[in-house]
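Only one structure is covered here, and it is reproduced in the block below.
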Amino acid sequence: QVQLVESGGGSVQAGGSLRLSCAASGLPQTGSCLGWFRQAPGKEREGVAVIYTEGDKTLYADSVKGRFTISQDKAKNTVYLQMNSLKPEDTAMYYCTARKRVVTECRLRPNDFRSWGQGTQVTVSS
């Protein structure tokens, strides 16, 4: 079973930065996807960024492109989300996710993923 534990959330003023971390275990040896999704109260879960474990190919939501960066440290089995120029609209619970099945590419679709972390809250104040 894949297990994911997020950390790094908190409160920050607009324009500030946060770095989220996700410790992962139980992932396939190669060719899988890791990602970050977020969900605000009363809203659907929204894809933020995904990264392919082989080659580091990434995909971002238009709303965060240029501001957020997803990365991974395979030696530490950790995926990160560096969030810069944060906006109040970024306020949400952020969830780390992983796709257990070996694939050839990653998509920013929540239904592709079955394993989720407990979430870490990000609050951006005006």
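All residue numbers in this chain count up from 1 along the given sequence. Note that these values count all heavy atoms, side chains included, but never hydrogens, waters or copies made by symmetry.
Proximity of a side-chain donor or acceptor of E46 to a complementary backbone N or O of R38 within less than 3.5 Å is not detected. Counting only distance, with no hydrogens or angles, the side chain of T120 and the backbone of S7 share no donor-acceptor pair below 3.5 Å. In this structure, T53 contributes its side chain and S32 its backbone to a donor-acceptor pair below 3.5 Å. Looking at R114, its side chain does come within 3.5 Å of a backbone N or O of N111 through a donor-acceptor pair. A donor-acceptor distance shorter than 3.5 angstrom exists from the side chain of Y52 to the backbone of V103, with no hydrogens or angles considered. The closest donor-acceptor contact from the side chain of R99 to the backbone of C33 lies at 3.5 Å or more, if one exists at all.
Rounding to the nearest 0.5 Å places OG1 of T123 at 13.0 Å from CD of Q13. Atoms CG and OG1, from L34 and T58 in turn, are 12.5 Å apart once rounded to the nearest 0.5 Å. The CZ atom of F68 sits 8.0 Å away from the CG atom of L20 when rounded to the nearest 0.5 Å. If you take OH on Y94 and CD on E6, they are separated by 12.5 Å, rounding to the nearest 0.5 Å. The CG atom of L4 sits 9.0 Å away from the CD atom of Q118 when rounded to the nearest 0.5 Å.
Across all their heavy atoms, S85 and S17 have their closest contact at N-OG, 4.3 Å. Scanning both residues, T97 and F113, for their nearest heavy atoms gives OG1-CB, 3.0 Å. The shortest non-hydrogen separation linking A40 to A92 is N-CB, 3.9 Å. Closest of all the heavy-atom pairs between G47 and A61 is O-CB, 3.3 Å. Closest non-hydrogen pair, A98 versus L27, comes out as CB-CD2, 3.4 Å.
Here D90 does not pair with K87 in a salt bridge; the nearest charged N to carboxylate O distance is not below 4.0 Å.
Using a 4.5 Å heavy-atom cutoff, the side chains of L59 and C106 are not in contact. Inter-residue side-chain proximity for K76 and S21 is flagged as unmet; no heavy-atom pair is nearer than 4.5 Å. Counting heavy atoms from C-beta on, the side chains of V122 and M83 come closer than 4.5 Å. With contacts defined as side-chain heavy-atom distances shorter than 4.5 Å, the pair Q72/D56 qualifies. Counting heavy atoms from C-beta on, the side chains of K57 and V50 never come closer than 4.5 Å. At least one side-chain heavy atom of W36 sits under 4.5 Å from a side-chain heavy atom of C96. E54 places a side-chain heavy atom less than 4.5 Å from the side chain of K74. Contact annotation: the side chain of P110 never approaches that of E44 to less than 4.5 Å [non-hydrogen atoms, C-beta and beyond].
Placement of V64 and L81 within a single hydrophobic cluster is found when ILVMFWY residues are connected by side-chain heavy-atom separations under 4.5 Å, directly or transitively.
Between W116 and Y95, the angle of the ring planes goes over 60°, which puts this pair in the perpendicular group of the 30/60° scheme.
Surrounding CD of Q3 are at most 12 heavy atoms belonging to other residues, nucleotides or ligands under 6.0 Å away.
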One pair to check against side-chain contact (heavy atoms from CB on, under 4.5 Å): Y60 and L108. What are the steps and the verdict? CA-CA 7 Å; Y60 297 91; L108 206 60; 5.9 Å; no
